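This structure is a prediction, so every number in the text was calculated from the model and none was measured.
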Amino acid sequence: MSDAFNTPVSVDPRLLEVLVCPVTRGKLTYDREAGELVSTGAKLAFPIREGVPIMLVEEARQLD
């Protein structure tokens, strides 16, 4: 873990190949600085907590 917020240092690339946005079914990108998986199509950022991606729309942050 990289800091007190338990942000992972990196996300396994194999995990990124499997995970898709629950809204658009599109590809996700990893934002290392924010510790989020980003869906540009849905304009949502899904948090990663303790190394686990939280893929619930209710937990996602709306992107501007």
| said: Please enumerate all residues that pass side-chain contact (heavy atoms from CB on, under 4.5 Å) together with T24, with sequence neighbours excluded. | reply: C21, S39, A42
| Which residues satisfy the salt bridge (charged side-chain N to carboxylate O under 4.0 Å, His left out) test with R25, sequence neighbours excluded? | none
| Rounded to the nearest 0.5 Å, what separation is found between the CG atom of L19 and the CG atom of L37? | 6.5 Å
| task | Indicate, with yes or no, if I48 and F46 share a hydrophobic cluster defined by side-chain heavy-atom contacts under 4.5 Å among Ile, Leu, Val, Met, Phe, Trp and Tyr. | result | yes
| Audit row: V23, L44, side chain to side chain contact (heavy atoms under 4.5 Å, CB included) steps and yes/no | CA-CA 9 Å; V23 176; L44 294 172; 3.9 Å; yes
| note | Minimal heavy-atom distance between A45 and L63, with the atoms involved, is CB-CD2, 3.9 Å
| query | Taking all non-hydrogen atoms of both residues, which atom of L16 and which atom of Y30 are closest, and how far apart? | reply | CD1-CB, 4.0 Å
| remark: Output for pair (L28 CG, L15 CG), nearest 0.5 Å, gives 9.5 Å
| task | Just grab all the side chain to side chain donor-acceptor pair (under 3.5 Å) pairs involving residues 54-64, residues at least two apart or on different chains. | result | E36-R61, R49-E59
